[in-house]
Enquirer: 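This is the structure I want to talk about, given as structure tokens.
When a residue number appears, it is its place in the shown sequence, counting from 1. Computed from heavy atoms alone, side chains included, the values below leave out hydrogens, waters and symmetry copies. Every number for a ligand or one of its atoms is a count from 1 in the order of the listing.
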Amino acid sequence: MEKITSLAKRRGFVFQSSEIYGGQNGAWDYGPLGIELKNRIAGAWWKEMTQLHDDIAGLDAAILMHPRTWEASGHVENFTDPLVDCKKCKSRFRADMIPEENLTAKKCPDCGGELTDTRKFNLMFKSHIGPAEDTASVIYLRPETAQGIYVNYKNIIQSNRMKIPFGIAQIGKAFRNEIVTKNFIFRTCEFEQMEMQYFVKPGTDEEWFNEWRKRRWAYYEKLGVKMDHLRWHQHGADELAHYAKDAYDIQYLFPMGWRELEGVHNRTDYDLGRHSQFSGKDMQYIDQDNNNERYIPYIIETSAGLTRNVLMILCDAYDEEKVADKGDADDIRTVLRFHPNLAPVTVAVLPLMKKDGLAELAQGIRAELKEDYATDYDQSGAIGRRYRRQDEAGTPFCVTVDYQSKEDGTVTLRFRDSMEQIRIPKAELAARIKQEIKGYKRIK
Ligand code: ATP
């Protein structure tokens, strides 16, 4: 993880928030390469969930919601973690994350000092809206995007004439006052989620739950993730949320071990039932194709962390490889083997020399490729070193322009994964890259 964190900083994927002031816990800034990667991961999910599914509509709900939302959802009462403090060193721990014996002996795992009793700590960030700081002005930063979907479910049925079964997809920020934030961007206080809530008829929920498990698994396969680094974890009785009928997490083998990446949950009719009760509005679905039968739909939720997916993709892509291309058998190159659809830069154009018109020729080629691809241009340093810089950024294709290019219009296309180089006419570049992306297979 240290290597990934340091590469992420060095190459401008992720920086610590407010670093010049010593950093802000639980918050991170996405740099030029990081924002491109995050946007592409979000784009891949969005395409999968909306473009490829006629029965799913998109939404972007506000972060600030009426405070009753969080009473109805159960967050005000139940969205808590068990917290203990050390009276001596003042460290704070999640009681369920420290060894049982420390908890029983009330002994701090760090300094051996005395621990406080376990108490419930609500993870929602609370503030006040407007000038008065009284109970009437309480407002929360949303701890999940799901509730924005539930409160809009009737609007979307009406505006888009949706019929059950159908889904609503949303990507957006969520905030949790996490007691322990560690492992880089894995668990943060400000993060982004990609959630899809699928509304189904009660009785068909188990079938749809299984179907969505299958689809989400297939999605990661399509992204080119190492499938032996993914597994299912079914929630046991002690983990299952009180409203959930069944829940599975997709876990990824991060450098610190197997951890949750995404959850697929059967949330029953709990959410819409509660919003009906708290708002006084009828949340029943009226099935016009079935004698106006009325029911509160069950919800199958697929809930993935976008920022956690960024970390997963970085870990999954990271590779160090022994290469001998510079004549040194022990040379190691660091390479991010991103799927070309996710890579922040798709193609880098490199003139062999700055002089003799090569730079101008290379800039011209870059300008042509820009319309279709995210490009980079680099003219400084030895060509081998420039390739390595692109490998580290995960750029799948490099185009090198040399003296022969001036004469016959051909260029060298170099592939990140195999380091193979081929010579092709520059006029064929855009089409060839497109073909390579479509047929991309991960080799390692
Ligand atoms: P945990 O038990 O690890 O706190 P959770 O089960 O509460 O997580 P969910 O509420 O199911 O998580 O959230 C759905 C997804 O949102 C998670 O699978 C994860 O990818 C992401 N997520 C949740 N909390 C955080 C966080 N603090 N930082 C980054 N991503 C998060």
Side-chain angles (χ1 to χ4, degrees), residues 1 14 17 24-30 34 38 41-42 45 49 70 73-75 78-83 93-97 120-125 141-150 169-197 209 212-213 216-217 219-220 223 225 230-236 238-244 246-254 256-267 270-271 299-316:
M1 186 64 93
V14 181
S17 160
Q24 174 57 51
N25 247 350
W28 297 86
D29 298 340
Y30 289 77
K38 179 151 75 73
I41 294 171
W45 185 90
M49 293 311 226
W70 307 110
S73 67
H75 282 80
N78 296 320
F79 196 55
T80 56
D81 272 343
L83 171 74
F93 304 96
R94 246 174 80 169
D96 55 345
M97 283 186 169
K120 280 186 176 178
F121 174 74
N122 196 299
L123 298 185
M124 279 200 294
F125 281 101
L141 291 182
R142 68 178 177 200
E144 61 175 31
T145 58
Q147 300 301 326
I149 295 182
Y150 305 147
Q170 175 167 226
I171 299 178
K173 290 235 173 183
F175 303 83
R176 296 182 187 179
N177 199 357
E178 297 280 1
I179 298 167
V180 185
T181 56
K182 58 178 184 190
N183 294 318
F184 192 31
I185 53 172
F186 177 79
R187 185 184 300 286
T188 52
C189 293
E190 176 176 347
F191 58 100
E192 282 175 78
Q193 291 186 312
M194 307 185 284
E195 295 196 305
M196 193 283 301
Q197 312 291 328
F209 179 69
W212 276 107
R213 281 188 54 207
R216 294 307 300 152
W217 188 261
Y219 167 76
Y220 287 109
L223 273 193
V225 174
L230 287 178
R231 73 176 186 193
W232 285 107
H233 164 75
Q234 186 177 18
H235 285 206
D238 54 332
E239 293 167 277
L240 208 55
H242 59 282
Y243 51 80
D246 203 356
Y248 277 80
D249 293 336
I250 297 181
Q251 295 185 332
Y252 182 81
L253 184 55
F254 287 96
M256 65 280 186
W258 290 98
R259 294 284 190 286
E260 174 178 341
L261 176 68
E262 162 163 358
V264 182
H265 311 132
N266 181 346
R267 299 182 65 123
Y270 174 82
D271 303 283
I299 292 173
I300 308 301
E301 165 184 73
T302 71
S303 174
L306 168 55
T307 41
R308 199 172 281 182
N309 259 265
V310 171
L311 180 62
M312 180 276 282
I313 292 291
L314 277 170
C315 296
D316 200 67

Enquirer: Under 3.5 Å, is there a donor-acceptor pair between the Y150 and R267 side chains?
Expert: yes

Enquirer: Testing W217, W232, W212 one by one against Y248 for a ring-ring contact (aromatic ring centres under 6.0 Å, His included), which residue passes?
Expert: W232

Enquirer: Taking atom OG1 of T181 and atom CD of E190, what is their separation to the nearest 0.5 Å?
Expert: 12.5 Å

Enquirer: So, Q147 and H75: side-chain donor and acceptor under 3.5 Å apart, yes or no?
Expert: no

Enquirer: What protein heavy atom is closest to atom 18 (O) of ligand 1, reported as residue, atom name and distance in Å?
Expert: E260 OE2, 2.6 Å

Enquirer: Under 3.5 Å, is there a donor-acceptor pair linking the side chains of D246 and Q234?
Expert: yes

Enquirer: Quick one: which ligand 1 atoms are inside 4.0 Å of a heavy atom on S303?
Expert: 13 (O), 14 (C), 15 (C), 18 (O)

Enquirer: Under 4.0 Å from any heavy atom of F186, which atoms of ligand 1 are there?
Expert: 28 (N), 29 (C), 30 (N)

Enquirer: So which of E195, E301, E262 actually passes salt bridge (Lys or Arg N to Asp or Glu O under 4.0 Å) with R216?
Expert: E262

Enquirer: Among all protein heavy atoms in this structure, tell me which lies nearest to atom 13 (O) of ligand 1, with the distance rounded to 0.1 Å.
Expert: Q193 NE2, 3.5 Å

Enquirer: Got the closest protein heavy atom to atom 4 (O) of ligand 1, with its distance?
Expert: R187 NH1, 2.7 Å

Enquirer: Would you say H265 contacts ligand 1, with heavy atoms under 4.0 Å as the rule?
Expert: yes

Enquirer: Considering only the protein, which heavy-atom contact is closest to atom 28 (N) of ligand 1, and what is its distance?
Expert: T188 N, 3.0 Å

Enquirer: Identify, for atom 30 (N) of ligand 1, the protein heavy atom at the shortest distance, and state residue, atom and that distance.
Expert: F191 CD1, 3.4 Å

Enquirer: Does the N or O separation between T307 and ligand 1 drop below 3.5 Å for any pair?
Expert: no

Enquirer: Within 45 degrees of the ring normal and closer than 6.0 Å to the centroid, is that where the cationic atom of R259 sits relative to F254?
Expert: no

Enquirer: Hey, looking at atom 20 (O) of ligand 1, which of I179, D249, L261 has the closest heavy atom?
Expert: L261

Enquirer: Drop me the distance from T302's OG1 to W45's CH2, to the nearest 0.5 angstrom.
Expert: 6.0 Å

Enquirer: Are any of the N/O atoms in G305 less than 3.5 Å from those in ligand 1?
Expert: yes

Enquirer: Run down the list R94, E144, R176, R308 and name the one with the heavy atom closest to atom 10 (O) of ligand 1.
Expert: R176

